[in-house]
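In each ligand, atom 1 is the first atom listed, and ligand 1 is the first ligand listed. Just the heavy atoms: all of them, side chains too, but no hydrogens, waters or symmetry mates, feed the values below. Here the structure is a predicted model, which is why all the values come from computation and not from measurement.
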Amino acid sequence: SAADKLTPGDTRVKYETAQIRGKTYSYMLGEPEGQPKDTIVLVHGFPDIGFGWRCQIPYLISLGLRVVVPDMLGYGGTDAPAEIEPYSLKSLSDDLAELARKFVGEDGQIILGGHDWGGAVVWRLPLWHPKLIKGVFSVCTPFPPPRSEYHDLKDVIALGILTNFKYQLQFRGPETEANIQGEEKLRQFFTCMFGGRTSDGEPAFDVSKGILFDKLDSLKPSPLLSKEELEYYVKKYAAHPAPELHGPLNWYRTAKLNFEEDRPLAETPTVLEMPSLLVTAEKDTALPPEMARNMDKYFKDLTKKSVNASHWALTQAGPQVNEYIGEWIKSSVW
Ligand SMILES: O=C(NCCCc1ccccc1)N[C@H]1CC[C@H](OCc2c(F)cccc2F)CC1
């Protein structure tokens with residue numbers, strides 16, 4: 001049932017690794033009874049791991065899908081190169097295309113889903129590998145149209161635009177990975193990012209400020225993570241050498257690279273032909289639903305839904321998210 005979710009180390013999925021374009025990727029593999037109807041690849045965001053899709057995996061297997069859920073570059077059991085280039089949206093798309101083809105072959109297709117930064121990846125991958133994608137969906141993240149001019153985020157925010165992205169100026173800088181090292185700080189970091197508050201109800205993360213590091217050691221547990229789930233996240237991140245967040249935060253250092261790689265895409269009108277689904281989260285402070293208001297012109301077949309949840313909609317509104325994905329697969333993809 002949709003309310004069913006994977007537990008840490010759950011034996012309903014296999015834990016595999018693959019060599020992908022010179023990097024070791026670790027992924028969960030869920031196989032349905034009998035011949036899979038399709039293969040679906042799920043792409044997590046920041047700060048997450050494949051386990052972030054725990055509420056969706058059992059449900060998608062029950063639809064007869066083979067489910068492939070990688071720890072993305074920099075995360076969990078996957079390599080975390082120190083340089084920035086491997087984290088560009090095009091490089092990540094090429095990694096995922098190679099991983100997908102291990103299951104569906106050179107001429108096969110996958111259904112592709114992403115959340116958060118994974119949503120930014122899934123909106124670019126079909127532009128680089130259109131034949132591979134049978135259907136694509138994103139939870140929270142709208143389609144970022146390729147731009148023909150580069151504007152640094154700092155300048156955009158100084159104009160009072162995209163102030164909901166201001167935390168990214170902190171994340172792309174040195175202080176976050178410098179301040180969050182070791183298991184105890186990682187524990188406080190996840191509690192903070194997953195909505196934990198101090199005893200007087202104050203959050204320690206605000207999209208228009210960033211992480212308030214001095215509040216981290218006075219947070220109460222986040223209602224969104226059980227103790228076991230929190231410890232699983234901590235152990236997965238602690239497996240990387242300090243600074244454990246360097247790889248994950250490199251995703252925030254790729255804006256110029258992504259702009260350069262997007263250039264050829266910006267020269268021609270971009271239209272995604274395959275069935276597409278966007279599920280927005282009404283209380284997502286980083287990615288509010290209105291960011292998707294101009295999206296339709298880039299799609300031939302776009303379905304838009306919304307859930308009453310925070311950024312962590314995959315777990316907070318698991319059954320509703322699953323219903324929208326299932327409905328969309330049955331009506332638009334199949
Ligand atoms: O930073 C992210 N997640 C961490 C914060 C999670 C959180 C939010 C709220 C409360 C607690 C925790 N996500 C990124 C994902 C990629 C996005 O950039 C690409 C992009 C554009 F630049 C413009 C338009 C759409 C578009 F997708 C920028 C946000």
Any idea which part of Phe194 is under 4.0 Å from ligand 1, heavy-atom wise: side chain, backbone, both or neither? neither
Minimum non-hydrogen distance to atom 24 (C) of ligand 1, winning option of Met291, Met295, His311: Met291
Looking at ligand 1, is there an atom of it that comes within less than 4.0 Å of some heavy atom belonging to Tyr252? yes
Just one of Thr285, Leu212, Ile211 clears the side-chain contact (heavy atoms from CB on, under 4.5 Å) bar with Phe205, so which one? Ile211
Is a side-chain donor-acceptor pair under 3.5 Å present for Thr7 with Asp10? yes
Under 3.5 Å, is there a donor-acceptor pair between the Gln168 and Tyr252 side chains? no
Among Val156, Thr285, Val121, which residue places a heavy atom closest to atom 10 (C) of ligand 1? Thr285
Which residue from Pro144, Gly118, Pro288 reaches closest to atom 20 (C) of ligand 1 through any of its heavy atoms? Pro144
Looking at ligand 1, would Tyr167 count as a contact under a 4.0 Å heavy-atom criterion? yes
Would His246 and Glu244 count as having a side-chain donor-acceptor pair, cut-off 3.5 Å? no
Lys NZ or Arg CZ of Lys256 over Tyr150 ring: under 6.0 Å, within 45°: yes
Is there a donor in the side chain of His129 and an acceptor in the side chain of Asp94, or the other way round, less than 3.5 Å apart? yes
For Pro142, is the nearest heavy atom under 4.0 Å from an atom of ligand 1? yes
Counting heavy atoms only, which part of Phe165 comes closer than 4.0 Å to ligand 1: side chain, backbone, both or neither? side chain
Heavy-atom distances under 4.0 Å decide this one: backbone, side chain, both or neither, for Trp123 against ligand 1? neither
Inspect the surroundings of NZ in Lys209 and state if more than 12 heavy atoms from other residues, nucleotides or ligands are less than 6.0 Å away. no
Backbone or side chain, does any N or O of Gln168 fall under 3.5 Å from an N or O of ligand 1? no
